[in-house]
> 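Structure incoming, see below.
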Amino acid sequence: MKVITRTASKTLRGRHLTLVWGIHDFPVGKILVALSAEGLCWLGINCDRAALAKNWPGAELVEDANVTKKAAAEIAKLWPAKLDKLSVPLVLYGTPFQLKVWKELLKIKSGSLTTYAAVAKKIGEPKAVRAVGSAVGKNTVSIVVPCHRVVNKDSGRVNYGWGPAVKLALLKGEKAA
DNA sequence: ATTTACCGTGCTT
DNA sequence: AAGCACGGTAAAT
């Protein structure tokens with residue numbers, strides 16, 4: 001899978017950017033897929049245009065499910081085990097720290113879990129556990145960047161931007177595969 | 001069982 | 001430009 005990274009803060013990343021978006025079916029719910037000219041840059045679960053607009057201030061949003069249909073179908077088909085085969089490039093917009101965290105998440109194998117502390121250690125910032133927590137939460141491309149495979153150290157407790165139920169459904173689906 | 005310290009980000013002032 | 005609230009974990013109280 002091709003991964004493009006762009007350094008940008010949340011407030012600036014939407015400027016001069018046109019996003020084509022559409023809502024499609026996925027095993028754990030509806031996904032909102034948004035593509036820039038470069039590739040897949042946002043994926044939300046059970047959300048609407050407002051959530052997209054909030055995350056990409058300044059961006060021009062064009063709804064066209066025909067354009068996003070192909071990418072969405074591919075994601076649904078490749079999930080959970082073969083997402084790295086995605087033909088659409090993945091475009092990551094974030095601060096240098098967030099990019100480090102997200103790229104680390106990409107290395108987590110389907111079906112396995114890690115903790116925020118382990119990720120912090122891997123990127124060489126062992127004390128920045130909390131920062132890792134917030135970076136994971138700000139991930140722009142859920143499912144493809146497996147933010148749901150990161151759990152609290154004291155197992156069990158689940159915290160997820162799209163709702164704990166979605167996180168559990170994703171993990172369950174990957175476990176089966 | 002509660003509190004403290006640690007870090008990066010985004011929102012508010 | 002400065003302050004504040006978040007978020008996960010280990011260590012100290």
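Excluded from the calculations below are hydrogen atoms, water molecules and symmetry mates; all remaining heavy atoms, backbone and side chain alike, are included. The sequence lines fix the lettering, A, B, ..., with proteins before strands; numbering per chain opens at 1.
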> Of the candidate nucleotides dG7(C), dT9(C), dT9(B), which contains the atom at the shortest distance from the side chain of Phe97(A)?
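Looking only at side-chain atoms, Phe97(A) lies closest to dT9(B).
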
> Could you check Val150(A), Leu170(A), Leu168(A) and say which one makes a side-chain contact (heavy atoms from CB on, under 4.5 Å) with Tyr160(A)?
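Among the candidates, only Leu170(A) passes.
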
> To the nearest Å, how far apart are Leu12(A) CG and dT9(B) P?
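About 13 Å, once rounded to whole Å.
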
> Begin from the C-alpha positions of Lys107(A) and Glu104(A) and carry the test salt bridge (Lys or Arg N to Asp or Glu O under 4.0 Å) through to its verdict.
CA-CA 5 Å; Lys107(A) 295 183 194 163; Glu104(A) 196 56 47; 3.4 Å; yes

> Could you state the atom-to-atom distance from CG of Asn152(A) to P of dT9(C) in whole Å?
5 Å

> Whole Å only: how far is the CD1 atom of Ile123(A) from the P atom of dC7(B)?
13 Å

> Please report, rounded to the nearest Å, how far the P atom of dC7(B) is from the NZ atom of Lys100(A).
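After rounding, the reported distance stands at 13 Å.
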
> Answer yes or no: does a side-chain N or O of Asn159(A) lie under 4.0 Å from OP1 or OP2 of dG8(C)?
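Yes.
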
> Report the distance from atom NZ of Lys153(A) to atom P of dA11(C), rounded to the nearest whole Å.
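So the NZ-P distance, Lys153(A) to dA11(C), works out to 9 Å.
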
> I want to verify a distance call: between dG7(C), dG8(C), dA10(C), whose nearest atom is closest to the Val129(A) side chain?
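Of the candidates, dG8(C) comes closest.
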
> Base, sugar-phosphate or nothing for Ala131(A)? Non-hydrogen atoms, less than 4.0 Å.
base

> Return the value, rounded to whole Å, for the distance between atom NZ of Lys127(A) and atom P of dA11(C).
14 Å

> I need the single residue from Val88(A), Thr18(A), Leu19(A) that forms a side-chain contact (heavy atoms from CB on, under 4.5 Å) with Leu35(A). Which is it?
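By the side-chain contact (heavy atoms from CB on, under 4.5 Å) criterion, Leu35(A) pairs with just one of Val88(A), Thr18(A), Leu19(A): Val88(A).
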
> Between atom CG in Asn139(A) and atom C1' in dC6(C), what is the gap in whole Å?
17 Å

> Is there a side-chain hydrogen bond (donor to acceptor under 3.5 Å, both in side chains) between His24(A) and Thr68(A) once you walk through the steps?
CA-CA 8 Å; His24(A) 304 271; Thr68(A) 52; 2.7 Å; yes

> For residues His148(A) and Glu174(A), is any side-chain donor paired with an opposing acceptor at under 3.5 Å?
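Result is yes, a qualifying pair exists.
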
> Before you tell me yes or no, could you show the steps for Ile45(A) and Lys30(A) under side chain to side chain contact (heavy atoms under 4.5 Å, CB included), namely the whole-Å CA-CA distance, both residues' side-chain angles and the distance that decides it to 0.1 Å?
CA-CA 6 Å; Ile45(A) 302 169; Lys30(A) 299 275 185 189; over 6 Å; no

> Hey, what are the protein-to-nucleotides 10-13 of chain B N/O distances that come in under 3.5 Å?
| residue | atom | partner | partner atom | Å |
| --- | --- | --- | --- | --- |
| dC11(B) | OP1 | Lys10(A) | NZ | 3.4 |

> Which atom pair, heavy atoms only, marks the closest approach of Ala8(A) to Arg13(A)?
CB-CB, 3.8 Å

